[in-house]
Amino acid sequence: MLAPDEAPPAAATAAAAASPQLSREQPVRHISAPVVGVLRHHRRTPSIGRAPIKETLDASFSYDDDEEGGGVRINQYVLKEEIGRGSFGAVHLAEDQLGNKYAVKEFSKSKLRRRSQSLLLRQPGRRLGFLDAQGHRRSASELYQEQEGGNPLFLIREEIAILKKLDHENIVNLIEVLDDPEGDSLYMVLEWCEKGVVMNVDLDKTAKPYPEEQCRLWFRDMILGIEYLHAQGIVHRDIKPDNLLLTANEVLKIVDFGVSEMFEKNVPMMTAKSAGSPAFFPPELCVAGHGDISGTAADIWSMGVTLYCLLFGRLPFSNHNIIELCDSIKHDDVRLPDDVDPELADLLHKILEKDPAKRIKMPELREHPWVTRGGEDRLLPTEENTADFIMPTQEEMETAITKSIHNVMAVVRAVRKLKRLTLSRFKPAANVPLPHVDATRRTQSLNLDERGHHQQELSAAGHNKEISLDTLVDALPSEVELDSPRIPGTESHPAVEVQMADSTDLRGESRVVPE
Ligand SMILES: Nc1ncnc2c1ncn2[C@@H]1O[C@H](COP(=O)(O)OP(=O)(O)OP(=O)(O)O)[C@@H](O)[C@H]1O
């Protein structure tokens, strides 16, 4: 990830010197050589990491002490170091058996529920919905009421199922979603973008600008990704540098569809919802009581604000007071340096046009001379960029989330059983109280901050590890009152070897061998 005080990857560092706010590297123009990577922007290539979506019905969670960096394993994914943190939980780098890398994002289901309820129930009719067995279009909220007995998790299945079907080089792939039905966590397995967020810029945060040619390449990535989304009837609603990640090859990927909206294909994508980040709001959203606005025009405005950030390292309209920020967005002209490339200035003025009806549209945007270098470097045709999208079926909705991380519960049951078996072999010493054990350790939210406790529990599951009786006792729920199982005359409990080959054993017989 590029922190604001880090140098950008390319030779952009001279840029900010002259004027701290608006300076940038001299425009790179009249380059006749083809763009870096001949195929980039000229041919649709399959996304890296895209494999047929697999629905694993026996998802499991375990802990492997030998794994580097902690070794929590969810199905085939071994979690490595934390690479970021969002409002719903941590994001971890993960690796499968073949060494493929992923980003695994942990979500709190309760937070997701609250968000999806407020978003979906507010405008149930606007959601795309899906086809039921009879081929009728149904909204998620209808099924939420009818079929799921009001289980709010159902409301996000639609979003997830649709995300799984999106397949574009400039949109981060959602590989799989794993649910722990007993706990509060949901795990999204995403394509890993090694270089992280393209730029950290905010109301009170500036960053080093990038060279113009680099910005042009990333803007073309953005065009292709957003054009594809719009063609699928999806408006993103939150385009900003924070939601643009870079791969190892510096290909830009769009993420975060949390406030996106989906529409029937080929209908005007009008919405009354105020969503996104205020500094990236278009002027038409900065009006109290605004009615329906064009979602596509709003995305294009946000693309313009984002391009401005990449070029100049700052927001074009910035104020901590939301009213004044909105006033600035509605009324202030965008400031550009005197020496800006006239074609770039023309583009920015056309995108940051206050009137959405006059704002540049995608077909004109993708052909703009700054984007195509005067026609020398045209993007792949729209038809090629926007392949057909088939609406998710009811079955795909139902399998959108892999549910069976039930083995965690089996581990908990096994630890209880082990405790019973183990304690029966030792005579308790009188009047030595057990330390308090927090009952929340036993929840299945798998909060990675509490990995130590899960390590204790999960080590007992299927890894033939030697664990101490302290560990087993420590795993007890706090409500269980016991005398100490400490062996008189010893500092701690004797070690025991626990042998349980797999979750079947966990549910069946366990063997405990005191030392
Ligand atoms: N697919 C990915 N590849 C690499 N890094 C990622 C990926 N997804 C997220 N990250 C890293 O994790 C950080 C947090 O991501 P996350 O999406 O949770 O945050 P966020 O944008 O604040 O999300 P939210 O809006 O859900 O809170 C990102 O800033 C990024 O550095």
Side-chain angles (χ1 to χ4, degrees), residues 1-4 6-10 12 36-37 39-41 44-51 53 69 74 77-96 98-107 159-160 163-178 187-202 207-208 210 214-226 228-229 234 236 238-260 277 302-303 306-307 309-310:
M1 186 194 302
L2 298 166
E6 279 179 324
V36 189
L39 295 181
R40 185 158 169 187
H41 306 139
R44 184 95 180 263
T45 48
S47 312
I48 295 165
R50 189 75 180 184
I53 305 287
I74 307 169
Y77 310 104
V78 176
L79 301 196
K80 307 279 180 183
E81 71 266 20
E82 187 175 310
I83 51 175
R85 199 164 261 278
S87 43
F88 292 102
V91 181
H92 281 255
L93 175 63
E95 210 171 292
D96 67 14
L98 302 173
N100 299 314
K101 292 192 165 61
Y102 306 88
V104 172
K105 184 171 173 175
E106 189 182 13
F107 282 85
E159 180 180 333
I160 289 168
L163 280 180
K164 279 178 165 184
K165 296 198 86 158
L166 294 177
D167 184 11
H168 191 278
E169 201 188 358
N170 301 116
I171 293 170
V172 168
N173 273 323
L174 173 64
I175 315 281
E176 189 167 12
V177 181
L178 305 169
Y187 301 89
M188 280 195 181
V189 182
L190 298 156
E191 173 186 2
W192 181 45
C193 299
E194 192 173 333
K195 295 205 173 168
V197 169
V198 66
M199 178 183 265
N200 280 298
V201 64
D202 210 336
K208 283 180 182 155
Y210 287 105
Q214 180 66 79
C215 297
R216 192 182 74 89
L217 290 178
W218 284 335
F219 192 64
R220 285 159 63 89
D221 284 337
M222 250 189 278
I223 290 177
L224 293 180
I226 299 285
Y228 170 83
L229 280 180
I234 296 168
H236 187 277
D238 201 13
I239 295 295
K240 56 179 180 177
D242 264 358
N243 287 334
L244 304 173
L245 303 182
L246 296 177
T247 65
N249 297 329
E250 302 205 338
V251 172
L252 179 144
K253 308 252 176 186
I254 299 165
V255 281
D256 202 345
F257 291 79
V259 295
S260 301
S277 310
S302 310
M303 287 171 71
T306 301
L307 175 60
C309 291
L310 299 178

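Positions are given from 1, in the same order as the sequence printed here.
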Side-chain heavy atoms of [X] within contact of [Y], under 4.5 Å:
| X | Y | answer |
| --- | --- | --- |
| Val104 | Val91 | no |
| Met199 | Leu310 | yes |
| Leu244 | Val197 | no |
| Leu174 | Met188 | yes |
| Met303 | Phe219 | yes |
| Leu246 | Cys193 | no |

message = Distance alone, cut at 3.5 Å: any donor-acceptor contact between the side chains of Glu176 and Tyr77?
response = yes
Short side-chain donor-acceptor distance under 3.5 Å, Ser277 and Lys240 = yes
From [atom1] ([X]) to [atom2] ([Y]), nearest 0.5 Å:
| X | Y | atom1 | atom2 | answer |
| --- | --- | --- | --- | --- |
| Ile83 | Lys80 | CD1 | NZ | 13.0 Å |
| Glu82 | Leu93 | CD | CG | 11.5 Å |
| Arg85 | Lys105 | CZ | NZ | 12.0 Å |
| Lys195 | Leu245 | NZ | CG | 13.5 Å |
| Asn243 | Phe257 | CG | CZ | 9.0 Å |

inquiry  = Under the rule for salt bridge (charged side-chain N to carboxylate O under 4.0 Å, His left out), what residues qualify as partners of Asp242, not counting sequence neighbours?
reply    = none
query = Listed by chain and number, what are the side-chain contact (heavy atoms from CB on, under 4.5 Å) partners of Asp202, not counting sequence neighbours?
reply = Asp204, Lys205
With sequence neighbours excluded, residues passing side-chain hydrogen bond (donor to acceptor under 3.5 Å, both in side chains) with Asn100 = Asp96
